[in-house]
Amino acid sequence: MALRSALHWRLCSFPALKYTTGRRNHRLQPQRQLHSNIIEALQAATGTKNVSTATAVREQHGKDVSYHRCRPPDVVVWPQNVEQVSRLARICSENNIPIIPFGTSTGLEGGVLAMKGGVCFDLTKMDKIVELNTVDFDVTVEPGVTRKGLNNYLRGSGLWFPVDPGADASLCGMAATSASGTNAVRYGTMKENVINLEVVLADGRIMYTAGEKRRFRKTSAGYNLTSLFIGSEGTLGIITKATLRLYGIPEAMVSAVCSFPTVQAAIDCTVQILQCGIPIARIEFLDDVMMNACNKYSNLSYTVSSTLFLEFHGTENSMEEQIQTAEEIAKVNSGSDFAWAKDQETRNKLWQARHSAWYAARALHPGCEGYSTDVCVPLSKLPEIIVATKEDLVRSKLTGPIVGHVGDGNFHCIMIMNPEDEDEGRRVKEFTDRLARRALAMHGTCTGEHGIGLGKRQLLTEEIGAVGMQVMREIKAALDPKNIMNPGKVV
């Protein structure tokens with residue numbers, strides 16, 4: 001039976017419901033139901049059990065880790081394979097229904113919120129590791145495969161995937177947001193580690209950004225379509241497979257913690273380590289407020305001051321030279337002796353504390369919500385912007401522990417605020433705008449890895465300019481002329 005050409009809605013007869021996001025109560029709009037013909041078509045495409053309009057399910061799929069309030073979709077579907085994704089996308093396209101791709105919901109910029117209702121494509125049941133090529137150092141995965149899941153699968157192969165945003169995010173979701181993390185200073189971000197993508201376009205067509213089954217190490221053939229979709233945040237298509245670079249597990253790894261008397265000293269040490277060409281794997285900055293939070297939350301006893309967490313990878317001999325040089329640089333900058341974490345259990349505890357920084361910061365003020373800023377500047381500007389940010393926090397009377405991947409010039413200020421305090425909320429918004437514009441003024445970016453999502457669209461315009469935004473909109477219109485792919489985000 002042919003579907004109607006336009007989307008038909010009708011309000012349910014039940015009153016608006018309340019839901020809790022974990023931050024505050026909001027009014028949940030009454031569910032808008034798709035015409036029964038469309039629901040039946042979705043069920044025919046993927047099976048009745050893989051389609052849900054239940055309120056609780058919709059709420060679960062209408063929020064991520066960000067401060068943005070829940071915006072639930074009208075229906076959630078769980079496709080099992082790319083063919084089903086294609087069929088579902090065609091149904092949505094023919095009926096002008098918004099499509100919202102959904103993975104592990106670990107985003108920080110509201111990327112999964114259904115701003116105009118529509119169909120949420122939950123891709124977690126597509127969780128196969130399709131092909132592993134150990135000799136060629138690559139692997140192809142479906143969107144339900146997470147970072148930790150892949151590395152568990154690779155255990156014993158001598159290989160690993162190092163891009164590590166902290167959360168156990170889905171790998172295709174990491175591609176969609178151009179994720180990064182603690183290892184990026186040595187191994188790069190998702191942009192450097194995605195070889196090929198399988199993508200379902202808004203009209204249901206299936207494309208391969210580098211050609212079907214291609215998995216070469218480099219190419220100069222045509223436009224770089226792979227990079228076009230990395231960071232597109234679901235606004236251009238649905239990523240249904242990703243071919244990724246893998247790396248050999250280093251012979252040896254060792255981590256260290258070093259405290260400094262000032263922010264300036266810690267950042268100067270970071271810059272000098274990089275200038276000396278030390279191939280450090282991780283170098284993370286935590287300010288005194290964050291160190292206090294991590295000590296309390298993770299039961300640690302490190303000095304409460306500006307601190308660097310470092311990690312070295314390589315052979316035993318090569319690491320000895322790296323460590324000696326790094327220690328000398330730290331001493332020149334008034335750093336403490338290195339506190340070592342050499343065995344795997346101790347290293348895991350150290351980095352788990354770093355990855356738990358978001359929760360540790362929020363635990364400083366129980367009941368408050370958090371908002372993580374995310375700017376990136378040239379390395380030479382790091383000391384200036386972090387010192388200025390600390391001073392701005394004091395003037396604004398705000399709590400905002402700072403943590404960052406300073407080896408890339410990227411850092412986060414985790415704002416802690418009372419959702420019931422309107423004045424504090426206003427001051428946080430004003431502070432975060434100042435921080436982003438401070439980064440732009442230093443020739444940086446308003447987001448190093450979290451993406452644009454809902455809250456940074458104006459900042460994106462300021463960053464790339466009117467002509468750049470117009471080109472982005474033209475690309476969006478060419479691939480998604482009906483504007484059904486994750487509408488309301490990025491552009």
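These numbers come from the heavy atoms of this one structure, side chains and all, not from hydrogens, waters or symmetry mates.
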Worksheet item: Which atom names give the shortest non-hydrogen contact between E198 and I206, and what distance separates them?
Response: CG-CG2, 4.0 Å

Worksheet item: How long is the span from the CZ atom in R71 to the CE atom in M115, to the nearest 0.5 Å?
Response: 4.0 Å

Practice prompt. Run the salt-bridge test on R215 and D136 with the 4.0 Å N-O cut-off and return the result as yes or no.
Written response: yes

Discussion item. Tell me whether the rings of H405 and H412 are parallel (<30°), tilted (30 to 60°) or perpendicular (>60°).
Written reply: perpendicular

Practice prompt. State the CG-OG1 distance between L435 and T373, to the nearest 0.5 angstrom.
Written response: 5.0 Å

Worksheet item: Yes or no on side-chain hydrogen bond (donor to acceptor under 3.5 Å, both in side chains) for W351 and E284, after CA distance, side-chain angles and deciding distance?
Response: CA-CA 10 Å; W351 291 108; E284 297 285 298; over 6 Å; no

Practice prompt. Rounded to the nearest 0.5 Å, what's the gap from CZ on R362 to OG on S372? Could you check?
Written response: 11.5 Å

Discussion item. Working to the nearest 0.5 angstrom, can you tell me the gap between L398 CG and F431 CZ?
Written reply: 7.0 Å

Fill in: Atom pair SG/CG of C172 and L244 - distance to nearest 0.5 Å
7.5 Å

Worksheet item: Short question: side chain of S157, backbone of L159 - any donor-acceptor pair under 3.5 Å?
Response: yes

Item to complete: Please examine the side chains of E109 and L454, heavy atoms only from C-beta on, and report whether any two atoms are closer than 4.5 Å.
Response: no

Discussion item. I'd like to know if the side chain of D480 and the backbone of I484 have a donor-acceptor N/O pair within less than 3.5 Å.
Written reply: yes

Worksheet item: Any side-chain donor paired with an acceptor under 3.5 Å for S180 and T189?
Response: no

Practice prompt. Kindly indicate whether the side chain of Y208, heavy atoms from C-beta on, has any atom under 4.5 Å from the side chain of V199.
Written response: no

Item to complete: Return yes if a side-chain donor-acceptor contact under 3.5 Å exists between S86 and R90, otherwise no.
Response: yes

Worksheet item: Sub-3.5 Å donor-acceptor pair from the side chain of K489 to the main-chain atoms of L113, do we have one?
Response: yes

Worksheet item: Should K241 and M126 count as side-chain neighbours, where that means a heavy-atom distance under 4.5 Å?
Response: no

Item to complete: Go through the structure and list residues passing side-chain contact (heavy atoms from CB on, under 4.5 Å) with I129, not counting sequence neighbours.
Response: V139, V141, V145, L150, Y153

Worksheet entry | Check: T124 main-chain N/O paired with D122 side-chain donor or acceptor under 3.5 Å | yes

Discussion item. Between R354 and S356, is there a side-chain heavy-atom distance shorter than 4.5 Å?
Written reply: no

Worksheet, complete the sentence: From the list N224, T226, T243, side chain to side chain contact (heavy atoms under 4.5 Å, CB included) partner of T209 resolves to T226

Worksheet item: Is there a donor-acceptor pair under 3.5 Å between the side chain of T445 and the backbone N or O of G448?
Response: no

Worksheet, complete the sentence: All heavy atoms of T235 vs all of N486, minimum pair found to be CG2-O, 3.9 Å

Item to complete: Start with the C-alpha gap between V163 and N183, add the side-chain angles, then the distance that decides, and say whether side chain to side chain contact (heavy atoms under 4.5 Å, CB included) holds.
Response: CA-CA 6 Å; V163 181; N183 285 313; over 6 Å; no

Worksheet item: Counting only heavy atoms not in F216, do more than 12 fall under 6.0 Å of its CZ?
Response: yes

Response to the item:
All heavy atoms of L201 vs all of L236, minimum pair found to be CD2-O, 3.9 Å

Discussion item. So T177 and I230, do their side chains get closer than 4.5 Å, heavy atoms only?
Written reply: no

Worksheet item: Taking side chain as C-beta onward, heavy atoms only, is D392 less than 4.5 Å from R438?
Response: yes

Practice prompt. Looking only at non-hydrogen atoms, find the nearest pair between G400 and L393 and report the distance.
Written response: O-CD1, 3.3 Å

Worksheet item: Counting only N and O atoms by type, is there a donor-acceptor contact under 3.5 Å from the side chain of D164 to the main-chain atoms of G166?
Response: yes

Practice prompt. Output, in order, the C-alpha distance, side-chain angles, deciding distance and verdict of side chain to side chain contact (heavy atoms under 4.5 Å, CB included) for E474 and Q470.
Written response: CA-CA 6 Å; E474 290 171 358; Q470 182 59 32; 3.3 Å; yes

Item to complete: Please name all residues satisfying ring pair (Phe, Tyr, Trp, His ring centres under 6.0 Å) with Y247, sequence neighbours left out, ordered by chain then number.
Response: Y187

Worksheet item: For the residue pair A361 and P401, what are the closest heavy atoms and their distance?
Response: CB-CG, 4.0 Å

Discussion item. Run the ring pair (Phe, Tyr, Trp, His ring centres under 6.0 Å) test against H61 and tell me which residues pass, sequence neighbours left out.
Written reply: W78, F102

Discussion item. Would the distance check show the side chain of Q84 and the main-chain N or O of P79 forming a donor-acceptor pair, the cut-off being under 3.5 Å?
Written reply: no

Fill in: R214 atom CZ, neighbour heavy-atom count above 12 within 6.0 Å
no

Item to complete: Show your working on side chain to side chain contact (heavy atoms under 4.5 Å, CB included) between V75 and S52 and close with a plain yes or no.
Response: CA-CA 6 Å; V75 60; S52 176; 6.0 Å; no

Item to complete: Report the residues that fulfil side-chain hydrogen bond (donor to acceptor under 3.5 Å, both in side chains) with T432, sequence neighbours left out, ordered by chain and then residue number.
Response: none

Worksheet item: Where do E424 and I416 come nearest, in terms of heavy atoms and distance?
Response: OE2-O, 4.0 Å

Worksheet item: Can you tell if the side chain of V194 reaches within under 4.5 Å of the side chain of N196, non-hydrogen atoms only?
Response: no

Worksheet item: Any chance the side chains of D64 and S105 put a donor and an acceptor closer than 3.5 Å?
Response: no

Worksheet item: Who passes side-chain contact (heavy atoms from CB on, under 4.5 Å) against E430, sequence neighbours left out?
Response: R426, R434

Worksheet item: Which is it for K148 and N151 under the side-chain hydrogen bond (donor to acceptor under 3.5 Å, both in side chains) test, yes or no, and what are the steps along the way?
Response: CA-CA 5 Å; K148 289 182 180 178; N151 280 324; over 6 Å; no

Item to complete: Verify the distance criterion only: is there a donor paired with an acceptor across the side chains of N193 and R245 at less than 3.5 Å?
Response: no

Practice prompt. Assess the side chains of Y67 and E369: does a donor N or O sit below 3.5 Å from an acceptor N or O?
Written response: no

Item to complete: Mind running side chain to side chain contact (heavy atoms under 4.5 Å, CB included) on I38 and I97 for me, showing each step along the way?
Response: CA-CA 10 Å; I38 296 174; I97 305 171; 3.6 Å; yes

Discussion item. Determine whether E131 and T140 satisfy the following criterion, side-chain hydrogen bond (donor to acceptor under 3.5 Å, both in side chains), listing intermediate values before the conclusion.
Written reply: CA-CA 5 Å; E131 183 180 13; T140 300; 4.7 Å; no

Discussion item. Nearest 0.5 Å, please: how far is CD in E463 from SG in C446?
Written reply: 4.5 Å

Worksheet item: So, does R282 use its side chain to make a donor-acceptor pair with the main chain of T182 at under 3.5 Å?
Response: no

Worksheet item: Any side-chain heavy atom of L42 within less than 4.5 Å of one from V119?
Response: yes

Worksheet item: Under 3.5 Å, is there a donor-acceptor pair between the side chain of K456 and the main chain of V490?
Response: no

Worksheet entry | Residues forming a side-chain contact (heavy atoms from CB on, under 4.5 Å) with R437, sequence neighbours excluded | D433, Q458, L459, E462

Worksheet item: Between the main-chain N or O of G181 and the side-chain N or O of E449, is there a donor-acceptor pair closer than 3.5 Å?
Response: yes

Worksheet entry | Distance-only donor-acceptor check, side chains S93 and D203, under 3.5 Å | no

